[in-house]
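Side chains included, hydrogens not; waters and symmetry mates left out as well; all remaining heavy atoms used.
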Amino acid sequence: MSSLTEGHPPIGIDDINDESKHKKLNTDVVERESGEREMGHSIHRSGSRPQLDLSKAAIQGNFEEKDPTILLPNQSDDISHLALDIGGSLIKLVYFSRHEDRSVNDRRKKSIKEIFGVSNCNRRSYPILGGRLHFVKFETTKINECLDFISSKQLHRGGLDARHWNSDAPDNENAVIKATGGGAFKFADLFKERLGVSIDKEDEMGCLVSGANFLLKAIRHEAFTHMEGHKEFVQIDTNDLFPYLLVNIGSGVSMIKVDGDGKFQRVSGTNVGGGTYWGLGKLLTKCKSFDELLELSQRGDNRTIDMLVGDIYGGMDYSKIGLSASTIASSFGKAISENKNLEDYRPEDISLSLLRMISYNIGQIAYLNALRFGLKRIFFGGFFIRGHAYTMDTISFAIQFWSKGDAQAMFLRHEGFLGALGAFMSYEKHGLDDLMVHHLVERFPMGAPYTGGKIHGPPLGDLNEKASGEELVGTRSSWISDMADSNLSRDAWVQYSNSSNMLGSIHCKLHENVHQLASFQSVGFKQKISWMEKFVRKGTEITAPVPMAPPGTTGLGGFEVPSSKGDTLRSDASNLNVGVLHLVPTLEVFPLLVDPKTYEPNTIDLADHGELEYWFTVLSEHLPDLVDKAVASEGGTEDAKRRGDAFARAFSAHLARLMEEPAAYGKLGLANLLELREECLREFQFVDAYRSIKQRENEASLAVLPDLLMELDSMNEEARLLTLIEGVLAANIFDWGSRACVDLYHKGTIIEIYRMSRNKMQRPWRVDDFDLFKKKVLGSGEKKPHPHKRALLFVDNAGADVVLGMLPLARELLRRGTEVVLVANSLPALNDVTAMELPDIVAEAAKHCDILRRAAEAGGLLVDVMINAADVNKENSSSVPLMVVENGCGSPCIDLRQVSSELAAAAKDADLVILEGMGRSLHTNYNAQFKCDALKLAMVKNQRLAEKLIKGNIYDCVCRYEPASSDLQSSSLS
């Protein structure tokens, strides 16, 4: 390792990339694993740009590598940006934190990079900063809480972790943070006084457009439509995004025609907007807040105030000009002819009539401007919308009505953060320029289910605070008083819990705890309370019964509206949870997908409420067993039990929130649910809940592997191939994610279950394309087949599944001259084997098999003989390599739109893909189409899935072979 700079002061990113001084570098920046810092090299920020500490920087690894990794031993753990949108009512804060995994000395990864030519190259001219984008909201009246939050996380000083920050370092008087909105001017002095930073004020409209452009291009399910309470996510083709109309509804309304990045103009607007609704509403109803006014509207009936077409024409339509009897002819029109005073009208009816009047007019003006400029898309955002179901429905109906169904109103999940995100992107080197949709992974930490789309302050911080940490009851945690005011009766709660058929007994207990906590506070109970007690109370709130509107209220009214909807709409039913955006620049789209744009990983459609409730029940019933395994994996300590209890409650709250609003976290599929569970486990520091189980099953399976290989070698090739596929299917029964399989494990040993499973392998299977696959591999007649060049084997479970199933199949392909790449999870999920575990399994198996040993040596898997991948390949030129790559995820399923860069590199020369297991070949990717040959193998271990997907029964098998499209064409010609 050679030093690049010695004793030089830290320099900014611009300095690194100044081509007049240095050769342009494209590098990944990694920190030293120990994370230690020297006191003499504290980082100082100048201006608004992040800086890198290059003192003692050195090239890591091979000097001849095109884009070498640079090690920065004195770089802090986090490099952050902070930006704000300070409005009259809300402060929206976006900040970036660097939380990339530390580099590890992984010989397997080094070998893979050499074999596949994977480099650290990025498309950008400066180091990419992988990390996370966080979104937080505060009420502007509580700006001091916002300042406390910024200060506690040191965001104004670069977001340095407290353990790295040198408290003796002087503050930088020139520190600047970006902000937009009127508050950027109003509170500039307060920021200087409290934080010692200056506000760099950014143009509000430019920030809105910049934020919207980023979201629409980078977030897969950002845009959605909202009609009659139904939310549907829209996939936007980024190549066909521009031009569009952005309608920002704040106090007034601005309509902005967006032609591209940085290209926009305000083409229209109106002074009748959110301020009009709030102002008139306050005068007419005496409401104290905007939210209170919206809440009134959900219980209103505008027909008591608005004059409808039917009122004019004796209840009849005016069909000649296409107006139905329910169309509003004049907002507040009935007040003219009725001898009533203001107090004679219900505030609820006034609020709804106001809401419709303003929303319909905004929708009409927006559509006319879209028509004027020939724009196909209209996006709405701003304070007025706030995820309010009635508001979005009203605007949507207006657009549909005036366009006669040719146009749709669309809304954005992150709409409240457009300005803050745009301000963030105004930093010269914000690191988001070239990010693609596959680089961003949205995750929903523990706070997501109870904060919803509502205003909230700082989320809970470290694990100790989440699982059992204590915090004084005070202004920063008013949760108990909120629940004490909820007026939710115990009988109503029990009735709802029972009707949901899920978590009923848990919810009942939660409710009792809530009222106990509320009574404690009511008598001035000031004892410190744990996070779990707070979370229990909030968990009750989010699963509260849905309030019903009074009889006779359409809930929508105005234009013709189906009467089946509306009556049960909630004002907050469409509150969308905003997660944390993880920037993972190493993720790529799997290059063997036929059409990534139309690819949908999920096989099961959870838009079907029956499917949704069934799978939620399955996950809930599996929860106790999962918690037991997780706690046991940590030694069963009191701390592990506490974290296990916290995980169970947190995940239950996620399920309850999603049952209430399935689209709360974006488009929902079964794969998303399973990944959410694994993320929740990791959040409570259960890294590998099935670690000990996997180890035991691996040892038991490896012990019998030599006998199995000997048996296979005694067969002819046709019998051997069939036995291998039977072995994969039979071994796939070892799945701790299946309730039916878990029950089996309590009744027999691994070998007994495997033998029983093998005995059931009677053809034909429920989906049986084995003969087609055999013809491809073995040929027919005298025609010798051309072996596949490279096969990607997506493995599933540890133990018998991989050892007695997939490894022997890999061995057969190696024997036939096919390179084999075993593709495994990057992170643990249930009992799935990981890429980190596989080399040890292969090394142990190779002790009993020369084919595996030579291939593993050629693939750089045997550490004791690894020298250099190129040298190894020369020594074993007669052997094709066996390699292991990670898939880039930590879930039982896989979304092939986001895979690791090493898997994407391995796929470029592959002509066979084998997907094994329910998660990767049934729950996801069953309908996926590939450019190469594909074999999907699985035993179905769920009765409902068997019936729905293959019209079969539990333990039926799937052997689905799909030749490459070119093979299909050639066979049809012959």
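Residues M883 and L861 form no side-chain contact, since every pair of their non-hydrogen atoms from C-beta on lies 4.5 Å or further apart. Side-chain contact between L896 and N925 is present, with at least one heavy-atom pair separated by less than 4.5 Å. Side-chain contact check for H923 versus N942: every heavy-atom pair is 4.5 Å or farther apart. Between L619 and R677, some side-chain heavy-atom pair lies under the 4.5 Å cut-off. With contacts defined as side-chain heavy-atom distances shorter than 4.5 Å, the pair E442/L581 qualifies. Between I894 and V823 there is no side-chain heavy-atom pair separated by less than 4.5 Å. Residues L133 and V94 are in side-chain contact: their nearest non-hydrogen atoms beyond the backbone lie under 4.5 Å apart. Contact of the H654 side chain with the Y665 side chain is registered, since non-hydrogen atoms from C-beta on lie closer than 4.5 Å.
Between H622 and L830, the shortest heavy-atom contact is CE1-CD2, 3.9 Å. Considering every non-hydrogen atom in both K936 and S921, the closest pair reads CB-CB, 4.0 Å. Contact between S652 and A648 at its shortest, heavy atoms only, is OG-O, 2.8 Å. When all heavy atoms of E902 and E886 are compared, the pair lying nearest together is OE2-N, 2.8 Å. Annotation for A630 and L681: closest pair CB-CD2, 4.1 Å, computed over non-hydrogen atoms. When all heavy atoms are compared, the tightest approach of F616 to L655 is CE2-O, 3.1 Å.
Taking the six-membered ring for Trp and thresholds of 30 and 60 degrees, F590 and F794 have ring planes more than 60 degrees apart, a perpendicular arrangement.
Taking the ring centroids of H414 and F135, they lie under the 6.0 Å cut-off.
The pair E697-K694 does not count as a salt bridge, with every side-chain nitrogen at least 4.0 angstrom from each carboxylate oxygen. Between E634 and R643, at least one side-chain nitrogen of the basic residue sits less than 4.0 Å from a carboxylate oxygen of the acidic one, meeting the salt-bridge criterion. With respect to the salt-bridge test (charged N to carboxylate O, under 4.0 angstrom), the residues E660 and R657 qualify.
For S633, the side chain to side chain donor-acceptor pair (under 3.5 Å) criterion is met by no residue, not counting sequence neighbours.
Between the side chain of Q943 and the backbone N or O of I954, at least one donor-acceptor pair lies under 3.5 Å. No side-chain donor-acceptor contact under 3.5 Å links Q898 to the backbone of D895. When atom types are taken as modelled, the side chain of N698 and the backbone of G799 share a donor-acceptor pair closer than 3.5 angstrom. Judged purely by atom type and a 3.5 angstrom limit, S826 has no side-chain atom pairing as donor or acceptor with the backbone of G890.
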Go through the steps for V728 and M806 under the test side-chain contact (heavy atoms from CB on, under 4.5 Å), then give the verdict.
CA-CA 6 Å; V728 171; M806 292 299 277; 3.8 Å; yes
Which is it for D801 and V795 under the side-chain contact (heavy atoms from CB on, under 4.5 Å) test, yes or no, and what are the steps along the way?
CA-CA 8 Å; D801 197 354; V795 297; over 6 Å; no
Assess whether side-chain contact (heavy atoms from CB on, under 4.5 Å) is satisfied between V136 and F417, documenting all intermediate values.
CA-CA 9 Å; V136 186; F417 291 94; 5.7 Å; no
Walk me through it: do T834 and L827 pass the test side-chain contact (heavy atoms from CB on, under 4.5 Å)?
CA-CA 6 Å; T834 66; L827 296 171; over 6 Å; no
So E699 and R696, salt bridge (charged side-chain N to carboxylate O under 4.0 Å, His left out) or not? Walk me through it.
CA-CA 5 Å; E699 291 170 4; R696 289 199 305 269; over 6 Å; no
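To the nearest 0.5 Å, atoms CG (L155) and NE2 (H134) are separated by 9.0 Å. Rounding to the nearest 0.5 Å places CG of N887 at 4.5 Å from CG of N825. A distance of 5.5 Å separates CZ of F233 from CZ of R413, quoted to the nearest 0.5 Å. In this structure, the separation between CG on L670 and CG on L945 is 8.5 Å, given to the nearest 0.5 Å. To the nearest 0.5 Å, atom CG of residue N831 and atom CZ of residue R691 are 14.0 Å apart. N732 contributes atom CG, which lies 5.5 Å from atom CG of D796 (distance to the nearest 0.5 angstrom).
Shown are K641, R642, R649; of these, the salt bridge (Lys or Arg N to Asp or Glu O under 4.0 Å) with D645 is made only by R649.
The salt bridge (Lys or Arg N to Asp or Glu O under 4.0 Å) contacts involving residues 662-676 comprise E600-K667, where partners must be two or more places apart or lie in separate chains.
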